[in-house]
There are 2 protein chains.
Amino acid sequence: MSVMEDTRDRIVASASAQIQRHGHIKTTVADVAKHCRMSPANIYRFFPTKAALIEAVSEIWLALAEDNARAIARQPSCASARVREFIVGVHEFNRDRYTRNGEVHETVVAATTERWPIVARHEKVLISIFASILEDGVRKGEFEIDDIEGTAAVMIAAMVKFHNPIMVAQYHGESLIEQANALADFMLKAIKKR
Amino acid sequence: MSVMEDTRDRIVASASAQIQRHGHIKTTVADVAKHCRMSPANIYRFFPTKAALIEAVSEIWLALAEDNARAIARQPSCASARVREFIVGVHEFNRDRYTRNGEVHETVVAATTERWPIVARHEKVLISIFASILEDGVRKGEFEIDDIEGTAAVMIAAMVKFHNPIMVAQYHGESLIEQANALADFMLKAIKKR
DNA sequence: GTATTGACAAAAAACGAATATTATCAGTCA
DNA sequence: TGACTGATAATATTCGTTTTTTGTCAATAC
């Protein structure tokens, strides 16, 4: 079975490379198959549809964003600093993807627009990572919050302008770092203990 | 000159009606001209391009949203209640336009996506209306805010998920009223005097 | 007997000629 | 003299056709 998983990974890696070059619309199952030296039909033994393949690729890209968020959450700085870093850092991650890897970003935008299941899951993960910062802040007496998960969800919703791939592309890739910092300042007022 | 302004208004009204029926893409300058019983060429005496005409129509629709926002800001309730009403009410206004008048909403979405100048102006107006609520709250000792205009801008940015026409359409017209209320609760914590 | 493929139907996309739309401007009409 | 139009060039869109792509499955190969 390991050989099958290996083949699956090769397909995903090849699809990922193709999409980065040509975008997910121009990338055909036949292209991916050719680069894997197999027939298009064989792809369908591993993925029920082309969409499922693209989804598997997108999942990896979203996981990169989650890794980035987790790295910020685990930093040794105080919780307030990490809240700010999360808001600004996730924005910058998205913006970099837009400017440096347009095809990848476009695929993530499609996933968001068409509301693929992986995106809802991704949002939940981000909320939970952000909640871990809040929880830490509460434990250390930095923050005062009743419902940590609920507050994390509300705060993530307030960050939509800076985190949502559609919005990041919408603002034509311009940096909203100043504004993101201002939002951090504002939101910290709501949770800081005094 | 009043006769010219009158003609201009007739053109805008006719275009508005046509767009509501058929959308701004299917509406042609010839259609609008026919309904005004004039030649297409004459439209161009009043508007340099079709886009300028659509913009004039959109301006009126955005003004309706501003009127709605102003009505909320002027209510006799306390500032906190008006902050909540603003957040929820502007969301509901957008959602209603999406569900009840899809073609109009689609045009506003195009204006937002393509960043027509009127949209930036509209956002500034909303910020200033919202700032008037904040100012009132500060004057009455309800809120404690340093930079009122700046805070208004940040808070409007945090409402993007609920106010931005693209986002409202994106969420498929579903009601985010619960979430909007939760955001109001959260943000009020940041500005309420204690 | 499991992995893989070639052949193929259904659906989608690309293409290109025919048609419609935008926008201009010299000229009419009142 | 100024509001308006008809004729028309440039551009964009539609629509029908061809080609490509997606997805299936019985047949093949290892």
Side-chain angles (χ1 to χ4, degrees), chain A residues 1-59 103 106-107 109-111 113-114 116-118, chain B residues 1-59 103 106-107 109-111 113-114 116-118:
Chain A
M1 267 301 155
S2 167
V3 114
M4 253 190 101
E5 304 222 326
D6 205 57
T7 307
R8 202 195 117 105
D9 290 350
R10 269 175 53 227
I11 294 169
V12 171
S14 170
S16 174
Q18 289 298 306
I19 293 170
Q20 286 183 57
R21 279 179 183 279
H22 311 295
H24 72 284
I25 293 168
K26 288 287 178 190
T27 297
T28 67
V29 175
D31 286 340
V32 176
K34 190 169 286 178
H35 277 79
C36 296
R37 290 150 177 250
M38 58 176 72
S39 71
N42 201 39
I43 303 275
Y44 287 95
R45 290 186 52 242
F46 297 90
F47 300 95
T49 61
K50 180 191 172 181
L53 171 56
I54 308 277
E55 236 178 284
V57 174
S58 301
E59 202 157 14
E103 301 293 3
E106 194 189 14
T107 306
V109 167
T113 305
E114 293 157 27
W116 302 356
I118 46 162
Chain B
M1 268 297 156
S2 168
V3 112
M4 253 190 100
E5 304 223 325
D6 206 57
T7 307
R8 204 196 114 105
D9 289 350
R10 269 174 54 227
I11 294 170
V12 172
S14 170
S16 173
Q18 289 298 307
I19 293 170
Q20 285 183 59
R21 279 177 182 281
H22 311 295
H24 72 283
I25 293 167
K26 287 287 178 189
T27 297
T28 66
V29 175
D31 287 340
V32 176
K34 192 168 286 177
H35 277 79
C36 294
R37 291 154 173 245
M38 58 176 71
S39 71
N42 200 40
I43 303 277
Y44 288 93
R45 290 186 52 243
F46 297 89
F47 300 94
T49 60
K50 180 191 173 184
L53 171 56
I54 309 278
E55 236 179 283
V57 174
S58 301
E59 202 156 16
E103 300 294 3
E106 194 188 14
T107 306
V109 166
T113 305
E114 293 157 27
W116 302 355
I118 47 162

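Sequence lines set the chain letters: A, B, ... in the order given, protein chains first and strands last, and positions in each chain run from 1. When reading the values below, keep in mind they use all heavy atoms of this one structure, side chains included, and skip hydrogens, waters and symmetry mates.
Separation of atoms CD1 (B/I11) and CG (B/L53) is listed at 7.5 Å; rounding is to 0.5 Å. Within the model, atoms CZ of B/R8 and CZ of B/R45 stand 13.0 Å from one another, a figure rounded to the nearest 0.5 Å. Here the straight-line distance linking atom NE2 of B/H22 with atom CG of B/D31 works out to 6.5 Å at 0.5 Å rounding. Between the CD atom of B/E55 and the CD1 atom of B/I118 there is a distance of 5.0 Å, given to the nearest 0.5 Å. Note that NZ of B/K34 is 10.5 Å distant from CD of B/Q18, once rounded to the nearest 0.5 Å.
Comparing D/dG23, D/dT22, D/dT24 by their nearest atom to the side chain of A/T49 picks out D/dG23. The side chain of B/V29 has C/dT22 as its nearest neighbour among C/dG6, C/dT22, C/dC25.
Per the geometry, NZ belonging to A/K34 stands 13 Å off C1' belonging to D/dT20, to the nearest Å. If you measure from atom CD1 of B/I43 to atom P of D/dA3, you get 15 Å, rounded to the nearest angstrom. Following rounding to the nearest Å, B/Y44 (OH) and D/dA9 (C1') show an atom-to-atom distance of 13 Å. Distance, A/D31 CG to D/dT20 C1': 11 Å, rounded to whole Å. Distance CZ (A/F46) to C1' (D/dT24): 17 Å, rounded to an integer number of Å. Between the P atom of C/dT21 and the NE2 atom of B/H24 lies a distance of 15 Å, rounded to the nearest Å. As rounded to whole Å, 14 Å separates atom P of C/dT24 from atom CG of B/N42. Rounded to a whole Å, the CZ atom of A/F47 is 15 Å from the P atom of D/dT24.
Both A/R45 and A/K26 lie close to DNA chain C; mapped to their nearest nucleotides by heavy-atom distance, the more 5′-ward contact belongs to A/R45. Between A/A51 and B/I25, the one whose closest nucleotide on DNA chain D sits nearer the 5' end is B/I25.
Counting any heavy atom pair closer than 4.0 Å across all strands shown, A/T28 reaches sugar-phosphate atoms only and no base atom.
For B/K50 and D/dA12, the shortest distance from a side-chain N or O to OP1 or OP2 is not below 4.0 Å.
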